[in-house]
2 protein chains.
Amino acid sequence: MAAASTPSSTVAHAPDSIGPKAQPHDVNEQTAIDMKRFRARCTFDIAKMHNMIDEGSRDTEMRQKVHDIIANDALITEAKRTRPFLSRADRLYTGQALMKRLFDLVDEHDLDYMEFLECLFLVDEQTSYYLHHVAFLPVINAQGSDEQQAEWMAKAQNHAWLGCYLQTELGHGSNVRRLETTATFCKDTDEFEIHSPSLTATKWWIGGLGVVSTHGVVQAQLIIDGTNHGPHLFLVQLRDIQNHKLLPGIIAGEIGPKAHGGFAALDNGYARFNHVRIPRFNMLARFSQVTREGNFIKPPSDKLSFGGMVFIRAQMISAVSMSLTKATTIATRYLHVRRQFADPEAKGERAEEELNVIFYPSVYMRLLPLIAKSYVFGAMGKDMAELYGTMASQLASGNTEMLAEVHAVSSGLKSYVTAEVVEGIEIARRSLGGHGFMESAGVARIYSKELPSVTYEGDNYVLAQQTCRGGLKTYRGLLKDASKRKLLTASTDYLAHLADKKQIKLPHSIEEWRNLQVQTDLLDARAAFHVKRLEILMRSKAEGGQGKTMGQLSWQCQMISKAIVESFIGRRVAAALAPEGLLVNGLDDAGVKVIKNLMNFYLLNTIDGALSELLEFGVIPAHSTDSGAMQSPIETLRLAIANAAQEVLPETIGLTDAFGFSDWDLNSALGRYDGRCYEDLLHRAESQAELNLGGKIKDIFEKSIKPVLERGDRLAKL
Amino acid sequence: MAAASTPSSTVAHAPDSIGPKAQPHDVNEQTAIDMKRFRARCTFDIAKMHNMIDEGSRDTEMRQKVHDIIANDALITEAKRTRPFLSRADRLYTGQALMKRLFDLVDEHDLDYMEFLECLFLVDEQTSYYLHHVAFLPVINAQGSDEQQAEWMAKAQNHAWLGCYLQTELGHGSNVRRLETTATFCKDTDEFEIHSPSLTATKWWIGGLGVVSTHGVVQAQLIIDGTNHGPHLFLVQLRDIQNHKLLPGIIAGEIGPKAHGGFAALDNGYARFNHVRIPRFNMLARFSQVTREGNFIKPPSDKLSFGGMVFIRAQMISAVSMSLTKATTIATRYLHVRRQFADPEAKGERAEEELNVIFYPSVYMRLLPLIAKSYVFGAMGKDMAELYGTMASQLASGNTEMLAEVHAVSSGLKSYVTAEVVEGIEIARRSLGGHGFMESAGVARIYSKELPSVTYEGDNYVLAQQTCRGGLKTYRGLLKDASKRKLLTASTDYLAHLADKKQIKLPHSIEEWRNLQVQTDLLDARAAFHVKRLEILMRSKAEGGQGKTMGQLSWQCQMISKAIVESFIGRRVAAALAPEGLLVNGLDDAGVKVIKNLMNFYLLNTIDGALSELLEFGVIPAHSTDSGAMQSPIETLRLAIANAAQEVLPETIGLTDAFGFSDWDLNSALGRYDGRCYEDLLHRAESQAELNLGGKIKDIFEKSIKPVLERGDRLAKL
Ligand SMILES: Cc1cc2nc3c(=O)[nH]c(=O)nc-3n(C[C@H](O)[C@H](O)[C@H](O)COP(=O)(O)OP(=O)(O)OC[C@H]3O[C@@H](n4cnc5c(N)ncnc54)[C@H](O)[C@@H]3O)c2cc1C
Ligand SMILES: Cc1cc2nc3c(=O)[nH]c(=O)nc-3n(C[C@H](O)[C@H](O)[C@H](O)COP(=O)(O)OP(=O)(O)OC[C@H]3O[C@@H](n4cnc5c(N)ncnc54)[C@H](O)[C@@H]3O)c2cc1C
């Protein structure tokens, strides 16, 4: 399969000092020279930028310490190298061996809990331990009563128990209320009986259950005296601690390989329960309880059971955005050293020299939004964590006031950010051309890890309806009573646009387009008009609407929820740019300027993506209405974006260096700090031949190829 | 990681006869019942539809015969089952064993060449043999002289030689003219010397080279007496036929694993040549030659060397569209049997019963476009094959007239169709919710196979510029000389819109939106306005433009080329709907009606995707300009789409059954013909436990889990 014999293309903006000028004969050597020069262009203090990024999300020094321990460990490094060559069984096997090694290191270096978590993150292999810490522990933490926590937490935190979270079943995922597993109260023995009444009640997808977990939190319908009180959580021991055998009445196993070889080291499992008895004490009892007599005590608020889910979603924002920063770093580096095609309009020496592909607009217009989003989503992750923290401490004292808001923000951000991150990682991979399809390029593995994030913790398409419902509810409140205007929260503030009947002064020049207020106003207006239209569509026909239900509008909800989240992010970005804001704190002046330019690009680009809606709602006219203006607002918007791109381009190596990944972290032949990609690609292929072919070449020839050639020879002579 | 506790949603259009009514307690049993009922709704003759699809692309009976041979072979079927569990080395090994087995079957059943190719296709594992037939043979066929073909073809066709196509290098892919490998004419010995002068001259990515190939066609700079005549093709023997050792002076190997475990059974390879001598006869000499004296004879036309590339691209359209039909079939079936959430507005019994998710607009609005595109791209593949055939026979008699047109159409379609197919497969996978992330769902493996098609045979982003260049050239011709209007071809006919200053009568009702002429006119207008704007942007400032070069507009070219190809497809679809057209030939009346409805949906949906451009160009006004009309054209468009969706929905099981895949073909737990997905998922997990865990469970526990638990127990007691 061959390449395109495309005639070369002219390209703009390759400054003399960086451009193709110094390309010597040796394409390989040139990569390191290019990388050095591009890096030198960066105008700001990279260390300060790095601190700004880490601040409030991780401890820079601690990370460095742990990184060095892990990266210098031979077994862990070897496991990283061999991963892509292994069978499913060996991926599982090596994954657990890796975890065992981690604990050795923890003991050897006397690492504390936060350091241990950083290890888990740095090893960058999803195993049962990840689920233990993200799903099992937090659920007990959020939903277990004080006594339960006293009884269980030490064991769980120290890994004397290894846990999983069993919610999803073969037949039910999104619709939790229709789970089939039952937990029936047996008054005579003061126990619950956990049971799977059907094939489709089989728990399925449960991370850690397939091979590892000793315990699990099982979601099941609580049944007392024949009355179903809906799904509740129960701690169930699954395997014997000594011999690891499944306990009586439990049938469980591994569900098998996943898409794209993703999560291959994670033992997602299935389980069926055959009248399994557990003590009454094991129902997670922070909010609902069952008394000895079988009386059901309701939770003070229905929403309380969302607590755990909100935690997982909240931490996902940071985690997935970190993946985008990785993919983006790799792409940024390679695209600066890859050269392809000379400028056909260049003269003399330069007509001979090929351009770094980063200079092609169809390359950088794919890359720059990813760099911008990496910064934006990172800040959103911190925002979210802070919001969650405040809510959690309020909840501890029984105050549920913030729950609805945190739930709305976390589910809106979860669905938007995961979708954008997954798409962004693939845009990064594709931008690398053919070499991006190498495993050793290092981007595809990031993709397959994040891909299911669009589905778990709530399918994004289903979540979109929730986001819209939230907006709609507030808007209807405003329609009835305008004084509710003052109750608007961060997640609904865009509706102020309608309430205040704001007029947006349309920009007519690049400078006017740069106005942060105008930018966020436009995104607010778009979201607000969407909700307004939604409300009209749902009105009865008698009231001039179309009498639609939310379910009938689930397709429209996709676009509307995107608009709502983008307006939210727009306002949060503006706040993060204020003095001491999340995105500028501690930076030097040059750094602040670069971040502001980057955010200007981000917001303008987001507006460009919203253009069809802004046109349709009449917020922006298709053509200039101002007879004095030479260009339409759309034309000046495009110029403003092109302009913003040029401002950001010289800083891209610095902006991605600032994420602070080591070559060990990235493990990418293309994303090397020093730019030496070609020799790395070749070196990997040559040095891993044995691993890759497993000494089978001779066998392949003797058993399969030779007979075919001999047959062919016979036939060719006929 | 748990699911969303989403409140359920109301949904429309679940007809009584199909809706949730008959859902019994057993969710598993219900799947088969649902599937039967949905299948029974279909109004047309599925066999006739199947024939229409096969007609002109494959022989239905032959395929069935070959299918049965392959599907009944134990070794092949077992290889299919074990694939996802294997290591890289075993994938390669099994892949070649599979090929050997294929030849046994060919001999056993006395299959002819076409039947052999069908086997290769059905086995559905990319190996070196695929490249041999798609890249190596066709290149010799197109570029080899008659003598060369007489000498080589019998060996190549019968697999006495196994070949590959060596174009891409580490340092150069898209820019073929800058390949570094040289072929220097040595007059004294009447030979060429093939040489890799640098590390980056290493051939890379070459399918079949890593382990299997004995021969390759190498692209290298032809150098005679110090003069470089540009890249030419040379047949080079790589390995000894008897012992399969690399020949002297050749260093070659396997490049290693690829993204997402894709192409794991294919041995992509690298190679460096150290002054390797080949006879002068081995330069492919149909169009250029080097005489004994070292005189270079130029080809009659520069474009002739594109011939081979056009073939590969032309056949890709059919191949990738077949992958979309597979993914779409799987998704369609599962989405009809998966039920989730009851209609909250339903009363009585139905309030208890969950809806098949296909009834949710946010589900079917993702699925229906995929079904439509499956039909459209299939037809485009046939169109393309016919066009190629005509050109090939003209070329044989020295007529190069059609080359430019076929080149334009094939590269435009290649970039558009591959991008849409890859995106479509992932949309299908994601629509399945969590279960779609199972390997056994069968969709992810289709994705990883087609993913690189957006990059090879010309990176789509680079191809887009070619498509725009073609449009621009014709448009400039028209500007200079309006009489060129009559020279417009199928690929440039949309420009007639500008030449004729067409007025489009805007639709104001669902019925008016259904008008095929209006639909294609709108798509034409959008493409034409894009090219017009491109031309203005490229004009010098003095002439009122912005003086941009094509390279500076490479980002804009992405959108423009999409518009051009969509207008082309629109017109081809209209032609295919005419009596005896490609899409309706041989159908019963009901079938014709269904296809027309499907294409109506397709075109309207495509127009919806083009809305922001149509608004910006003023082709469609944002708001109604006709004071009599109640609704704006956009509003009626949306109603027309919703309406079209309802027309197509009852036919979707039939429309996908008509693709004719067997359960063996699909190998999907979710895409089963009978709908019994849950038991299949579970059965696979249970029956493949050994394969999946490789008997390592005990080891994992003893070596890795037990020490961690014991350590945890110690710590928990502190
Ligand atoms: C890698 C991975 C790990 C996981 N780990 C765990 C785990 O550890 N523990 C655990 O309990 N679970 C786990 N899960 C399960 C996960 O939480 C669910 O798969 C997820 O919540 C989606 O639910 P579902 O599969 O039922 O999708 P479904 O709801 O069946 O979705 C199918 C389709 O129907 C659509 N749909 C459904 N309802 C509606 C509606 N009301 N309106 C419109 N459209 C609708 C969806 O959008 C989707 O297109 C995991 C899943 C994956 C992929
Ligand atoms: C699975 C697979 C199999 C393959 N099999 C073979 C084979 O059998 N034989 C063989 O010879 N080759 C093979 N190839 C190589 C393939 O043909 C090339 O990778 C492909 O043509 C892309 O070229 P590249 O890798 O040089 O991309 P590059 O050109 O390096 O692309 C890198 C980036 O630069 C951009 N870019 C490049 N030029 C321009 C420009 N002028 N303007 C704007 N942007 C530009 C691209 O869009 C891309 O984003 C295979 C590749 C793959 C992935």
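Just the heavy atoms: all of them, side chains too, but no hydrogens, waters or symmetry mates, feed the values below. In what follows, chains are A, B, ... by sequence order, proteins preceding strands, each numbered from 1.
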(request) Specify whether His435(A) and Trp204(B) have parallel, tilted or perpendicular ring planes, treating 30° as the upper limit for parallel and 60° as the lower limit for perpendicular. (result) perpendicular
Look at [options] and state which one has the largest set of heavy-atom pairs under 4.5 Å with chain A.
{"options": "Lys706(B), Arg429(B), Met99(B)", "answer": "Arg429(B)"}
{"options": "Trp205(B), Tyr678(B), Tyr447(B), Phe617(B)", "answer": "Trp205(B)"}
{"options": "Ser198(B), Ser612(B), Gly433(B)", "answer": "Ser612(B)"}
{"options": "Ile697(B), Leu693(B), Asp713(B)", "answer": "Leu693(B)"}
{"options": "Leu611(B), Thr202(B), Val211(B)", "answer": "Val211(B)"}
{"options": "Gly694(B), Gly171(B), Gly261(B), Ala689(B)", "answer": "Gly171(B)"}

(request) Tell me, for Phe85(A) versus chain B, whether the close heavy atoms (under 4.5 Å) come from the side chain, the backbone, both or neither. (result) both
(request) Tell me, for Phe437(A) versus chain B, whether the close heavy atoms (under 4.5 Å) come from the side chain, the backbone, both or neither. (result) both
(message) Cation-pi check for Phe263(A) against Lys258(A): NZ or CZ below 6.0 Å from the six-membered ring centre and within 45 degrees of the axis, yes or no?
(response) no
Check: [X] side chain, [Y] main-chain N or O, donor-acceptor pair, under 3.5 Å:
{"X": "His260(B)", "Y": "Gly262(A)", "result": "no"}
{"X": "Gln465(A)", "Y": "Ser554(A)", "result": "no"}
{"X": "Asn692(A)", "Y": "Gln688(A)", "result": "no"}

(message) Any salt bridge linking Glu439(A) with Arg88(B)? Criterion: basic side-chain nitrogen under 4.0 Å from a carboxylate oxygen.
(response) no
(message) I'd like to know if Asp459(A) pairs up with Arg430(B) as an ion pair, taking the criterion as any Lys NZ or Arg NE/NH1/NH2 lying under 4.0 Å from an Asp or Glu carboxylate oxygen.
(response) no
(request) Against chain A, label Ala97(B) side chain, backbone, both or neither, depending on which of its atoms sit under 4.5 Å from a heavy atom there. (result) both
(request) Identify which part of Glu679(B) has an atom lying under 4.5 Å from any heavy atom of chain A, answering side chain, backbone, both or neither. (result) both
As an exercise: rank [options] by heavy-atom pairs under 4.5 Å with chain B and give me the winner.
{"options": "Gln96(A), His159(A), Glu616(A)", "result": "Glu616(A)"}
{"options": "Ala464(A), Gly695(A), Ala685(A)", "result": "Ala685(A)"}
{"options": "Asp699(A), Leu451(A), Asn460(A), Asn243(A)", "result": "Leu451(A)"}

(request) With sequence neighbours left out, write down each residue that passes side chain to side chain contact (heavy atoms under 4.5 Å, CB included) with Leu98(B), or none if nothing qualifies. (result) Leu75(B), Ile76(B), Ala79(B), Arg83(B), Val123(B), Glu125(B)
